[in-house]
Amino acid sequence: LAPTTALPANLRRLKQLEDSVLSEAIELTSDGGTLKVNVVVDGKHQQEMVVDSGASLISLPLAVAAKFGLRPTSKDEEIILQLADGRIRGHKMTIPSVRVGKFTVEMVECAVLGEEAINAEPLLGMSSLENFKFEIDAGSRKLTMVKVGE
């Protein structure tokens with residue numbers, strides 16, 4: 001058997017397809033059963049966040065949001081959020097960029113929680129995670145993310 005004349009072209013195409021798939025296994029930390037990942041917000045602010053695929057939005061306590069330069073005003077949409085320990089008011093805002101590992105998503109919706117959410121933890125929710133195929137392996141404390149290039 002010998003290679004067909006189409007083999008070199010098919011190998012080049014396969015290499016292009018392989019290069020368009022990005023994946024990374026990202027280390028998670030564990031704090032009492034919750035898994036957290038290091039996130040870079042707006043290219044300059046590092047923040048550990050709870051990985052929460054049950055949260056529709058990234059959720060930020062007011063003090064954390066302020067650290068990122070996000071300060072809700074009356075122009076920002078007010079929303080009611082259902083958290084594990086009850087309902088709370090917040091404001092929907094947009095984060096310019098969110099990076100987890102080597103993956104960056106731009107213009108990500110988030111919820112900035114009201115002042116009463118003093119003990120709330122920052123959550124990395126689906127407004128960022130929905131851009132990827134992802135898998136959480138609690139045993140090995142890894143978040144595997146895959147993105148197929150366009």
Side-chain angles (χ1 to χ4, degrees), residues 11-150:
L11 288 174
R12 282 191 301 276
R13 179 67 182 137
L14 179 60
K15 173 78 172 115
Q16 289 173 336
L17 290 171
E18 287 174 341
D19 289 345
S20 73
V21 176
L22 302 172
S23 94
E24 183 177 11
I26 301 158
E27 290 288 327
L28 298 173
T29 59
S30 180
D31 179 17
T34 58
L35 296 172
K36 298 180 180 182
V37 67
N38 191 42
V39 177
V40 178
V41 175
D42 204 14
K44 55 190 169 214
H45 306 284
Q46 287 198 17
Q47 178 67 49
E48 197 171 60
M49 292 188 186
V50 174
V51 180
D52 188 348
S53 62
S56 57
L57 298 171
I58 288 178
S59 176
L60 303 172
L62 192 58
V64 173
K67 183 173 83 170
F68 303 154
L70 296 172
R71 292 175 179 81
T73 68
S74 59
K75 294 179 183 177
D76 296 306
E77 179 185 353
E78 190 171 311
I79 57 176
I80 304 291
L81 297 147
Q82 180 65 48
L83 303 179
D85 55 355
R87 297 170 79 100
I88 189 167
R89 291 185 187 279
H91 288 88
K92 193 181 281 189
M93 298 188 75
T94 302
I95 301 172
S97 70
V98 174
R99 182 169 55 87
V100 178
K102 63 183 173 183
F103 299 103
T104 301
V105 180
E106 296 182 352
M107 305 309 288
V108 182
E109 282 191 336
C110 72
V112 176
L113 305 177
E115 293 176 2
E116 64 274 19
I118 296 168
N119 296 322
E121 293 195 71
L123 304 179
L124 180 66
M126 290 304 292
S127 58
S128 177
L129 293 171
E130 70 187 1
N131 295 282
F132 308 96
K133 177 181 183 282
F134 66 93
E135 178 178 293
I136 300 166
D137 184 336
S140 66
R141 292 190 187 147
K142 298 257 190 238
L143 168 65
T144 302
M145 298 175 67
V146 178
K147 174 85 173 173
V148 177
E150 297 170 13

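Hydrogens, waters and symmetry mates are skipped; everything else that's a heavy atom, side chains included, is used.
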Can you find a pair of side-chain heavy atoms, one from Ile80 and one from Arg89, that are under 4.5 Å apart? yes

Tell me whether Asp42 contacts the main-chain N or O of Lys44 through its side chain, where contact means a donor paired with an acceptor under 3.5 Å. no

Considering all heavy atoms, the nearest Met49-Phe68 contact: CE-CE1, 4.5 Å

For Pro61 versus Ala120, what's the shortest heavy-atom pair and its separation? CG-O, 3.1 Å

Within-4.5 Å side-chain heavy-atom neighbours: Glu24 and Val100: no

Separation between CD1 (Ile88) and CD (Glu115), nearest 0.5 Å, reads 10.5 Å

If you look at every heavy atom in Pro72 and Leu62, which pair is closest and at what distance? CD-CD1, 3.9 Å

Here the pair of heavy atoms bringing Ala55 nearest to Leu123 is CB-CD1, 4.2 Å

Only distances under 3.5 Å count here; give the side-chain donor-acceptor pairs of residues 27-41 to other protein atoms, sequence neighbours excluded, each with its distance to 0.1 Å.
from: Glu27; atom 1: OE2; to: Lys142; atom 2: NZ; distance (Å): 2.2
from: Thr29; atom 1: OG1; to: Glu48; atom 2: OE2; distance (Å): 3.0
from: Asp31; atom 1: OD2; to: Lys36; atom 2: NZ; distance (Å): 3.1
from: Thr34; atom 1: OG1; to: Asp31; atom 2: O; distance (Å): 2.9
from: Lys36; atom 1: NZ; to: Glu121; atom 2: OE1; distance (Å): 2.7
from: Asn38; atom 1: ND2; to: Gln46; atom 2: OE1; distance (Å): 3.1

Distance-only, no hydrogens or angles: does the Arg99 side chain make a donor-acceptor pair with backbone N or O of Gly101 under 3.5 Å? yes

Lys92 side, atom NZ; Leu81 side, atom CG - distance, nearest 0.5 Å: 9.5 Å

Value for OG (Ser128) from CE (Met145), rounded to nearest 0.5 Å, stands at 6.0 Å

Just so I know, are the side chains of Leu60 and Pro122 near enough to count as touching, which here means a heavy-atom distance under 4.5 Å? yes

Are any of the side-chain heavy atoms of Asn131 and Val108 separated by less than 4.5 Å? no

Once you round to the nearest 0.5 Å, how far does OG of Ser97 lie from CD of Glu106? 6.5 Å

Can you check whether Leu124 reaches Ile58 side chain to side chain, under 4.5 Å on heavy atoms? yes

Under 3.5 Å: donor-acceptor pair, side chain of Ser127, backbone of Glu109: yes

Contact check, side chains of Val112 and Asp76, non-hydrogen atoms, under 4.5 Å: no

